[in-house]
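Below, read A as the first sequence line, B as the second, and so on, with proteins coming before strands; counting in each chain starts at 1.
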Protein chains: 4
Amino acid sequence: MSASEDQTIAIPAAPEATHTTLRATVPALEARLYQPVALLDHGFVRVIDYMGDDHAIVQAARVSYGRGTKKVSEDTGLIRYLMRHRHTTPFEMCDIKFHVKLPIFVARQWIRHRMASVNEYSARYSVMDREFYIPEPAQLAGQSKLNRQGRDAILEGEDAARVLALLRSDAEQTYDNYEWMLNEGSADKPADPERMGLARELARMNLTLNTYTQWYWKTNLHSLFHFLSLRADPHAQYEIRVYAEAMLDIVAAWVPVAHQAFLDYRMGAVTFSGPMLAVLRRMLSGETIAQADSGLSVREWREMMASLEIAPS
Amino acid sequence: MSASEDQTIAIPAAPEATHTTLRATVPALEARLYQPVALLDHGFVRVIDYMGDDHAIVQAARVSYGRGTKKVSEDTGLIRYLMRHRHTTPFEMCDIKFHVKLPIFVARQWIRHRMASVNEYSARYSVMDREFYIPEPAQLAGQSKLNRQGRDAILEGEDAARVLALLRSDAEQTYDNYEWMLNEGSADKPADPERMGLARELARMNLTLNTYTQWYWKTNLHSLFHFLSLRADPHAQYEIRVYAEAMLDIVAAWVPVAHQAFLDYRMGAVTFSGPMLAVLRRMLSGETIAQADSGLSVREWREMMASLEIAPS
Amino acid sequence: MSASEDQTIAIPAAPEATHTTLRATVPALEARLYQPVALLDHGFVRVIDYMGDDHAIVQAARVSYGRGTKKVSEDTGLIRYLMRHRHTTPFEMCDIKFHVKLPIFVARQWIRHRMASVNEYSARYSVMDREFYIPEPAQLAGQSKLNRQGRDAILEGEDAARVLALLRSDAEQTYDNYEWMLNEGSADKPADPERMGLARELARMNLTLNTYTQWYWKTNLHSLFHFLSLRADPHAQYEIRVYAEAMLDIVAAWVPVAHQAFLDYRMGAVTFSGPMLAVLRRMLSGETIAQADSGLSVREWREMMASLEIAPS
Amino acid sequence: MSASEDQTIAIPAAPEATHTTLRATVPALEARLYQPVALLDHGFVRVIDYMGDDHAIVQAARVSYGRGTKKVSEDTGLIRYLMRHRHTTPFEMCDIKFHVKLPIFVARQWIRHRMASVNEYSARYSVMDREFYIPEPAQLAGQSKLNRQGRDAILEGEDAARVLALLRSDAEQTYDNYEWMLNEGSADKPADPERMGLARELARMNLTLNTYTQWYWKTNLHSLFHFLSLRADPHAQYEIRVYAEAMLDIVAAWVPVAHQAFLDYRMGAVTFSGPMLAVLRRMLSGETIAQADSGLSVREWREMMASLEIAPS
């Protein structure tokens, strides 16, 4: 086997034939199966398999009540009730398996979510492809001075050009040296027969964190919603958020009722603490309240006013 | 809604229509979908949904190697290799959802396996059915004197008859009183309008542990194999083992290659400790060894000889 | 070994000697170690071991920031910030191990929480004690007509007396028959030498669900807070809520800052959906809104008004 | 705050004062608390906290038997029995928290073990230190031709020198450019006031995979044994194996009986499949068997002969 054959990360295509099944099937998701959604410069996410639909959530919830299925409007109400009251186990009855190509630094954030099954391309066993994430100029944000996790204005002009050039040249150079260490050769550049190649498991350490990797990632709908509530959030880093947003769009095709309930009761929701509720009740009774006599810290006060879209006085 | 309608635990039938899907589909399992396998006197297990097949295991393992699919004989070898070396993550890519009806004391053993999603019929919310597990006379085993977890000879004659009569009459009586406390009435026995019914969440405490319950239970193939290795084992209690055996039979239809690998390398396998291996090597070199000079405890020696089918001298 | 010796469930006492340790130690919790808090008629909960304290939460959060420890007021602010924003992993760094004695029907609810380690007294291996939960008359609630999971008014007079008598006599009778089937004998009632005892794993099925069991239950602080948010809630069944409340009291002694943050931001908090927030903003700007033009369902409107303590018009 | 202060990853020292506790305490482990074990060129592992000891395992197992504690020799036998028969839940009653400093490519292998709690130093929030793993010359292994995951002979002479020089210079250069992009300045090199610094969450992508990170990693003894069985194994990559071996040594101090049982029944153990057992029985009865008539594949036959230390004929 030539090295080039070996290096190409396989991306199985959609099967040619369809099958007949008794299982719950979602035509809108079938239409997207195996279709990659392109993300960043070389990444993608696509659905490889799934199990369950909106009705499976209802079916699981109903086993508790000893009653058969009811008409659709009630199913919708039940799913929304389950989401609103965080009755999460029925959502665990649906599963989805994604194939994802993503930069390593994004993979490192993602893997913190433990409630999933993962099989990742192994750089111990195989040679990584020469593919790196280089941000779009519009994403080249400066470090926020206020918030240590945040981004600020966009770098521009010469500074931006220099950053992009460095990211590109460092990734290329470290990859060149990775290839030299491996000495496995390729179609156009044969291996040096005089020199032993370094073990793949060692050579990989020379790669930069924007190198692309890929994996299968399978999780249930409850865990997926938890992942999306954190990673499709505006506070998430842009480079993982684009994946979460694409997955959220897939979820809309898969389980439209649960998806809408998730948007209403989780993504768009705000939690008020006991002390915040007390302030809210006073405000609704007509009282004018300043932070100083609210009983809330400055930080909590600001968070609350922001939720209510009340400009700071 | 009349109480009787309310009390009947709903058992959704197979859907009438089939669907077209691009997903991995297993005809041998499709043929069993929604079909209950009767177990014990009133129990059953049936498959409601599944995801993946033998090939999905291979596909997940191969993402690590950056190579496309190979021919079937290699797939079989790869699955057997994964099982033998306990590379477990590719088996997590397959999921199965069961609907199970089982006695409460069996459910209590089963639920200890945490790597699964469960929705159980709620006796807080609904009224339990009048159904109890009463063993077949052939299962009426005496308490082992040697092994505190084990069964001994079968009870016979009058003793057996008395046990069965007691199990039956106690279950019936406590259920009668449960119904009386609930005072919900039924088609043939109306509720007493003068008397307030006890809360369902309280009345249930009067039921015996052989009352049947039911649940949806969903897990991945890796966790299922772990469950089956413990519960389809001859040391497992008969009443849970029959469920495990029926599920193992379903697994044979679903993922035949992984199933055979499981039988060979897990169910039929024996682990020898370092000290046992040392003894084995001496035996194979022709040495005759007694427990006293084996370095093994009496218990370990007995376990080892049993595995090798060597009669104690 | 006589049966009576065998039947007594062992309750290890507090060790006599103290030790010297470099580990984080909480004197207020040390004072409660091994001390059972009596619950219901025969139950208890007590702490057997723990790891970590408020500072361990801060320490784990700070590793992310590359900074050393700061002064106490900042620690408090940081813990409250983590709780408010559901940054949950630092709370996983604290663990606690409880020894709990509880009725089986309560154990069945409790075990649904999977993120814990459990070792339960085995009725397969040992003989259960003759101890049953019989509610206090004040807890003998009727079934709610409005809410199928809820309780209504308290049963009184003859009806209540009859229920209590039935619960007691059924538990006693099924236990008598359990003992007869086992035929293991006791100090005052020797076994019948002519009769084989039924296997323990079978005889146990004759017991009622209010029989007491016990277990060690170990979990981390994050999972414990999740458990408490559901089980110390007014909607939880009284019989499990008393355990949750006792554990919450123990948490107050163990990690007082995290406990207060939990009360403020989880127990006393209310989540408003996107549509509810829109209504709230209109109300705060002085608008008078009726359910009909709120865009909320009747159920959501009621839940929202209840949170705001606004009487339905 | 100056950048240098900000950049130094905090390593909390051992507390100065000891405490008095009623909890299970292990003097041999107390002596190692907070003491880093140096690994690789800049890494370490150290214990920060722990809960439980050998006796806690016994205590959890005994709750199943309703009996009090027995004498030490029986405790040892019980722990060995639990390990041999994979009764794993009692081992979950012990927890340990490590502070680990390790190269990112090692962290990526490690994090696949999901049954643990992790708090990692965040390169989104903070600046990484200028520290990279450069292998010892003795670890500079060539790629195995036989086994794609393995190492072969050691690189020597000029080739080795060139690899080490490249690893070093690429890491230094990418770090220099990382610092330039950040433009945060340091004590000896002030920030350029004319230029906006790139967001930390972006700049980090320019670092190589041998950059050191650190985390708190907490797990229970059962999960730790699973981790060690895979990572202290000779097939594990050297760079993670040194961590596993150091942790195994710590486990020996913490729970000496469980540690010895683990060595005997897990690390030193070999599992024979049903077909292998059949061959073994024939061999023990004096038969001479060749692979061809063994019923085993060539690969299985080789694995079996290697376990028995029988040279291939």
Side-chain angles (χ1 to χ4, degrees), chain B residues 64-67 73 76-78 80-81 83-89 92 112-115 148-149 226 229-230 233 235 260-286 289 295-300 303-305 307-310, chain D residues 64-67 73 76-78 80-81 83-89 92 112-115 148-149 226 229-230 233 235 260-286 289 295-300 303-305 307-310:
Chain B
S64 302
Y65 312 153
R67 295 180 301 175
S73 72
T76 299
L78 177 53
R80 294 177 69 78
Y81 176 87
M83 183 69 75
R84 202 158 71 243
H85 292 275
R86 299 208 174 222
H87 292 189
T88 57
T89 54
E92 293 181 24
R112 290 181 202 164
H113 297 267
R114 289 158 291 180
M115 293 296 130
R148 300 216 295 169
Q149 258 184 305
H226 185 69
S229 71
L230 293 170
D233 185 273
H235 294 95
Q260 188 58 49
F262 174 70
L263 291 189
D264 288 345
Y265 301 121
R266 298 285 296 279
M267 290 299 285
V270 168
T271 299
F272 291 103
S273 67
M276 284 176 181
L277 269 178
V279 170
L280 202 52
R281 288 179 197 129
R282 287 166 63 195
M283 288 169 74
L284 285 168
S285 72
I289 305 175
L296 304 179
S297 72
V298 174
R299 189 161 205 168
E300 287 175 87
E303 288 175 10
M304 183 178 171
M305 293 304 115
S307 300
L308 297 172
E309 293 177 359
I310 294 175
Chain D
S64 301
Y65 312 153
R67 297 180 299 175
S73 73
T76 299
L78 177 53
R80 294 177 69 79
Y81 175 88
M83 182 70 75
R84 202 158 69 243
H85 293 275
R86 298 207 174 224
H87 292 190
T88 57
T89 54
E92 293 181 24
R112 290 181 202 164
H113 297 268
R114 290 159 291 180
M115 293 296 130
R148 300 216 295 169
Q149 256 183 305
H226 185 69
S229 72
L230 293 170
D233 185 272
H235 294 95
Q260 189 58 49
F262 174 71
L263 292 189
D264 288 345
Y265 301 121
R266 297 287 296 279
M267 290 299 285
V270 168
T271 299
F272 291 103
S273 67
M276 284 176 181
L277 269 178
V279 170
L280 203 51
R281 290 181 196 125
R282 286 164 64 195
M283 288 169 74
L284 285 168
S285 72
I289 305 175
L296 303 180
S297 72
V298 173
R299 188 162 205 167
E300 287 174 88
E303 288 175 11
M304 184 178 171
M305 292 305 114
S307 300
L308 297 172
E309 294 177 358
I310 294 176

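Interatomic distance, D:Thr88 OG1 to B:Leu230 CG, rounded to the nearest 0.5 Å: 8.0 Å. For the atom pair CG of B:Leu296 and CG of D:Asp264, the computed distance is 10.0 Å after rounding to the nearest 0.5 Å. In this structure, OG on D:Ser307 lies 7.5 Å from CZ on B:Arg281, to the nearest 0.5 angstrom. To the nearest 0.5 Å, atoms CE (D:Met283) and CG (B:Leu280) are separated by 8.5 Å. If you take CZ on D:Arg84 and CD on B:Glu303, they are separated by 4.0 Å, rounding to the nearest 0.5 Å. Between the OH atom of D:Tyr81 and the CD atom of B:Glu300 there is a distance of 12.0 Å, given to the nearest 0.5 Å.
Salt-bridge formation is detected for the pair D:Arg114/B:Glu92: a Lys NZ or Arg NE/NH1/NH2 atom is positioned less than 4.0 Å from an Asp or Glu carboxylate oxygen.
For B:Met115, the part lying under 4.5 angstrom from a heavy atom of chain D is the side chain only. Looking at D:His226, there are no atoms closer than 4.5 Å to chain B (heavy atoms on both sides), in backbone or side chain.
When D:Arg299, D:Arg266, D:Arg112 are compared by the number of non-hydrogen pairs under 4.5 Å with chain B, D:Arg299 comes out ahead. Interface check for chain D: of the options B:Gly274, B:Ser273, B:Gly268, the most heavy-atom pairs under 4.5 Å are formed by B:Ser273.
By the 4.5 Å heavy-atom criterion applied to side chains, D:Thr271 and B:Val270 are not counted as neighbours. Between B:Leu308 and D:Phe272, every side-chain heavy-atom pair lies at or beyond the 4.5 Å cut-off.
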